[in-house]
Enquirer: 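Got a structure for you, written out below as structure tokens; questions coming shortly.
Counting from 1, the numbers follow the sequence of the chain as shown.
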Amino acid sequence: MEENNSNNAVNEIKKTIAVVDDEPDILELVSLNLKKNGYKVRDFLDADTFYNYLKFNVPDLIVLDLMLPDADGMEICKDLRGKPKYAKVPVIILTAKGDETDKVLGLEIGADDYITKPFSPRELVARVKAVLRRDSNPKTTHISIADAIEIDLNQHETYINGNKVELTSSEFKILQLLATRKGWVYSREQILEFLGVQEKGVLERTIDVHIKNLREKLGDYGKLIKNIRGIGYKIDELQA
């Protein structure tokens, strides 16, 4: 039992948490409590220094304030979710904005958790641990949707009830992106970026065409892909 606890402690010590908040007192409080629990912490007072850090590093988790002096935290979260290098890094929003609308929007754009100020440092640490545990599953080479659709990431193939479905490269990547984080809403811009489309002449409307074709090829399961008006698309297994 003691050996297992020791191994867990070693694993947690290796985790690096990036904390972005423009209030020095909050930054110090969060940093201190995370360090007490064995985490490495990198703290930032603004978005600019945080992005400079990201050029050469990928943290295990990000604690992000929404109201920064040089950027909107929501936009930062959306930006990270659209970049494959950072798309899977868990984000916990820590903010004074406690309206339900803000919470819903934060979770819809890809945040893993949402904590409002004032907050309990012990609760914050507990939530960090919970999110990291949830995110620590071994990387899979297969993704399953609704116990019917199987996505083989190695072979770049898709099957419905054992029958292979021919998808274009773009259709496969879109399905992969949506299926990796079921329930998460991705904007058309984020999907385009994931596809690696950077030509200025390509309109976000192109994504609607890909989605239409993808739904048709998925047949009855095409309805799992939901259009969230004014935001983008997601896969929702609960509303099949």
Enquirer: Tell me, do Asp65 and Leu27 make a side-chain contact under 4.5 Å, heavy atoms counted?
Expert: no
Enquirer: In terms of side-chain heavy atoms, does Asn33 have a donor or acceptor partner in Tyr39 at a distance below 3.5 Å?
Expert: no
Enquirer: Please tell me if the side chains of Lys234 and Ile228 come closer than 4.5 Å, counting only heavy atoms from C-beta onward.
Expert: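 Answer yes - side chains close enough.
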Enquirer: Is a salt bridge present between Lys212 and Asp208, judged by a nitrogen-to-oxygen distance below 4.0 Å?
Expert: no
Enquirer: So that I can tick it off, tell me whether Asp236 and Lys226 are bridged by a salt bridge, with the cut-off set at under 4.0 angstrom between side-chain N and carboxylate O.
Expert: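 So Lys226 does not pair with Asp236 through a salt bridge.
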Enquirer: For residues Val165 and Lys217, report the shortest heavy-atom separation together with the two atoms involved.
Expert: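 Taking every non-hydrogen atom into account, CG1-O, 3.7 Å.
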Enquirer: Under the criterion ring-ring contact (aromatic ring centres under 6.0 Å, His included), I'd like the reasoning laid out for Phe44 against Tyr53: C-alpha separation, chi angles, the key distance, then a yes or no.
Expert: CA-CA 9 Å; Phe44 309 92; Tyr53 165 80; 5.0 Å; yes
Enquirer: Is the backbone N or O of Ile225 less than 3.5 Å from a side-chain atom of Arg215, with the two atoms forming a donor-acceptor pair by type?
Expert: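 Flag set: sc Arg215 to bb Ile225 pair under 3.5 Å.
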Enquirer: Output yes when Asp112 and Arg81 qualify as a salt bridge under the 4.0 Å nitrogen-oxygen rule, no when they do not.
Expert: yes
Enquirer: Tell me, do His156 and Phe172 make a side-chain contact under 4.5 Å, heavy atoms counted?
Expert: yes
Enquirer: In sequence, state the C-alpha distance, the side-chain angles, and the governing distance for Lys40 and Lys15, and then conclude on side chain to side chain contact (heavy atoms under 4.5 Å, CB included).
Expert: CA-CA 6 Å; Lys40 294 179 181 178; Lys15 301 292 185 182; over 6 Å; no
Enquirer: Do Leu175 and Ile235 make a side-chain contact, defined as non-hydrogen atoms from C-beta onward lying under 4.5 Å apart?
Expert: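 Leu175 vs Ile235: side chains touch.
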Enquirer: Would you kindly confirm whether Ile17 and Leu45 end up in one hydrophobic cluster when ILVMFWY residues are joined by side chain heavy atoms under 4.5 Å apart?
Expert: yes
Enquirer: Under 4.0 Å between a side-chain nitrogen and a carboxylate oxygen: does that hold for Glu157 and Lys164?
Expert: yes
Enquirer: Would you indicate whether the side-chain heavy atoms of Asp60 and Val89 approach each other to under 4.5 Å?
Expert: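 Not touching, per the 4.5 Å side-chain cut-off.
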Enquirer: Any donor-acceptor pair under 3.5 Å linking the side chain of Asp70 with the backbone of Ala47?
Expert: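 Between the backbone of Ala47 and the side chain of Asp70 there is a qualifying donor-acceptor contact (under 3.5 Å).
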Enquirer: Val30 versus Pro121: any side-chain heavy-atom pair under 4.5 Å?
Expert: no
Enquirer: Any side-chain donor-acceptor pair under 3.5 Å between Thr49 and Asn52?
Expert: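 Checked: Thr49/Asn52 side chains show no N/O donor-acceptor pair below 3.5 Å.
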Enquirer: State plainly whether the residues Lys117 and Asp21 are in salt-bridge range, i.e. N to O under 4.0 Å.
Expert: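 Yes, Lys117 and Asp21 are salt-bridged.
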Enquirer: Do you know which of Thr141, Ile143, Thr180 makes side-chain contact (heavy atoms from CB on, under 4.5 Å) with Ile151?
Expert: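 Going through Thr141, Ile143, Thr180 one by one, the side-chain contact (heavy atoms from CB on, under 4.5 Å) with Ile151 is satisfied by Ile143 alone.
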Enquirer: Can you check whether Tyr114 reaches Ile92 side chain to side chain, under 4.5 Å on heavy atoms?
Expert: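 Not touching, per the 4.5 Å side-chain cut-off.
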Enquirer: Gln190 side chain to Ser187 main-chain N or O, any donor-acceptor pair under 3.5 Å?
Expert: yes
Enquirer: Please report the closest heavy-atom contact between Ile93 and Ala111, naming both atoms and the distance.
Expert: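 Between these two residues, the closest heavy atoms are CD1-CB, 3.7 Å.
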Enquirer: Is the backbone N or O of Asn213 less than 3.5 Å from a side-chain atom of Glu216, with the two atoms forming a donor-acceptor pair by type?
Expert: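 Between the backbone of Asn213 and the side chain of Glu216 there is no qualifying donor-acceptor contact (under 3.5 Å).
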Enquirer: With heavy-atom distances below 4.5 Å as the criterion, would you say the side chains of Leu68 and Phe50 are in contact?
Expert: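 A side-chain contact is absent here, since even the closest heavy-atom pair is not under 4.5 Å.
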